[in-house]
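Reading through the structure tokens given below for one structure.
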Amino acid sequence: MGILASASTGGEVIVDILDRLFENYAKNVRIFKKREILLPEYVPEELPHREEQILQLAKIIAPVLRGSKPPNVFIYGLTGTGKTAVTKYVLRRLLLKVKSGVLTAYINCRKSSTNYRVLAELASAVGRPVPFTGLSTTEVLKRFTYTLENRGGILLIVLDEIDWLVKRSGDSVLYFLTRINEELSRSKVAIIGVTNDLKFMEYLDPRVKSSLGEEELVFPPYNNRELEDILRRRSEEAFYPGVLEEGVIPLCAAIAAKQNGDCRLALDLLLKAADLAEREGASKVSEEHVRMAQREVERNLIVDTVKSMPLHVKLTLLAILSLEKNRVKNITTGEIYEKYRNLCNRIGVSAVSQRRISDIINELDMLGIINARVVSLGRYGRTKVIKIVTSEESILEGLRRDINLSSLLSK
DNA sequence: AATCCACAGGAAGTGCTGGGCG
DNA sequence: CGCCCAGCACTTCCTGTGGATT
């Protein structure tokens, strides 16, 4: 105690802080009854307001119960409309009814966005794990097909966020998977493709497109009332009674309803708000906690993505930022490249080509940090006009974490 | 109506990493 | 060990283009 107190400049202040922290902590174990109920991976026992979609999907894949291959399904819906939850839920229920001969593989294509990784996951789903690198894709393909054929039965493949796979690696794996059944006799493959981007279908080979879209399911966004209802039900399990102030759930629902009815966001806000309340030792979660959570969610998202960017992406972003700060109107690719080259000179790294910067600008646009749209300025050429559409403060904070950039940001 | 700017963005290739196979 | 593979970040070279200006 003495050591602790004398080590700190403020005498026994640290002791007071610790005391309060521990007291609060002990007192506030009472907010969460079961925190994991609010985590995004959690699939609840009931999925309210998605009964219709559950039924439709179940009808489509029910043929596996009689041992025949169900049609391929394509599921479309905005983020947080319950696509993944419904799919997992229906598959889980199905597996309870089926004795043998059915295998499922769930692949998140954002995490496994290359042909090789998708095939590797499929291979391990049929019980033939392969090294995560080193083999040729045709080799993995062979092993997967061979093992599947020997096992027999039906394999249901869920390709979640399938647009990521197509955008990064093309549709060759999809093409292979939609035609694999012609080579199999003892087993069959059915695909459930899940996405929130309908436009990506246009890039598909027409044969893949028609095969994948044998059945289609659309998930509408949740409305305000439905979101509230979902939050209430989850809260009953997640929290002790009475810890949420009156307006908390409606506020979370309202914010999320504005964001295309994103239920994941609603749950995340509630979770973060309760975390904040607990951390500061409040006995109840208030609307103010929700608003703080909203700001934090937005901020963290930007800071984290910026922080993890490669150097030249950061430099590009910094170039855009400083052009914006100099009140340049209608920032173009050429202007960004010039500024970027200048920044590279100042910290002594060699610049990449303008072609590459053009791609980086597109990447930043896809991340939603900037907005880049192609415009034609007639005589003055054709270029992209770029705007920052997120908090400049948060971007800057992400950039500041990079020591390479410290000399550029000091003043 | 023709021109021509300032890029967009496709194709193909390079060098590197991190691994496998026989 | 030597050779092969996929993925990535990037380059080089290239053709294409919307529309204000001539």
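On a predicted model such as this, the values are computed, not experimentally measured, just so you know.
For the pair A:N330 CG and B:dA6 P, the computed distance is 15 Å after rounding to whole Å. Between A:E363 atom CD and B:dA8 atom P there is a gap of 14 Å when expressed in whole angstrom units. Whole-Å rounding puts the A:N115 CG to C:dC5 P distance at 16 Å. Computed from coordinates, the A:I361 CD1 to C:dC10 P distance equals 14 Å when rounded to whole Å. A straight line from CD of A:E335 to P of B:dA8 spans 12 Å, rounded to a whole angstrom. Following rounding to the nearest Å, A:Y116 (OH) and B:dG18 (P) show an atom-to-atom distance of 16 Å. Rounded to an integer number of Å, the gap from A:E338 CD to B:dC7 C1' is 14 Å.
Taking the ring centre of A:Y222 as origin, the terminal cationic atom of A:R50 falls inside the region bounded by 6.0 Å and 45° from the ring axis. In this structure, A:R35 is positioned above the aromatic face of A:F32, its NZ or CZ under 6.0 Å from the six-membered ring centre and within 45° of the axis. Relative to the six-membered ring of A:Y76, A:K83 misses at least one condition, a distance below 6.0 Å or an angle of at most 45° to the axis.
Taken to the nearest 0.5 Å, the CD1 atom of A:I331 stands 8.5 Å off from the OG atom of A:S322.
Under 4.0 Å is where a charged nitrogen must lie from a carboxylate oxygen, and between A:D365 and A:K384 no such pair does. Using a cut-off of 4.0 Å between Lys/Arg side-chain N and Asp/Glu carboxylate O, A:E288 and A:R295 are scored as salt-bridged.
Proximity of A:N362 to the phosphate of B:dG9: a side-chain N or O atom is located under 4.0 Å from OP1 or OP2. Between A:T114 and the phosphate of C:dG7, there is a side-chain N or O to OP1/OP2 separation shorter than 4.0 Å. Phosphate proximity of B:dG9 to A:K384: present, with a side-chain N or O under 4.0 Å from OP1 or OP2.
Of the residues A:K314, A:R356, A:K167, the one that meets the salt bridge (Lys or Arg N to Asp or Glu O under 4.0 Å) test with A:E363 is A:R356. The only member of A:L156, A:I191, A:I192 that meets side chain to side chain contact (heavy atoms under 4.5 Å, CB included) when paired with A:P70 is A:L156.
A:R168 comes within 4.0 angstrom of sugar-phosphate atoms only, judged by non-hydrogen atoms across all strands, and of no base.
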> Can you check side chain to side chain donor-acceptor pair (under 3.5 Å) on A:R117 and A:S112, steps first, answer last?
Replying inline: CA-CA 5 Å; A:R117 277 204 277 273; A:S112 311; 5.1 Å; no

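Looking at residues 129-146 of chain A, you'll see A:L135, A:S136, A:T137 sit with a heavy atom under 4.0 Å from some atom of DNA chain C.
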> For nucleotides 11-22 of chain C, read 5' to 3', which letter fits each nucleotide if B means a protein heavy atom sits under 4.0 Å from the base, S means only the sugar-phosphate is that close, and - means neither?
Replying inline: SB---BBBBBSS

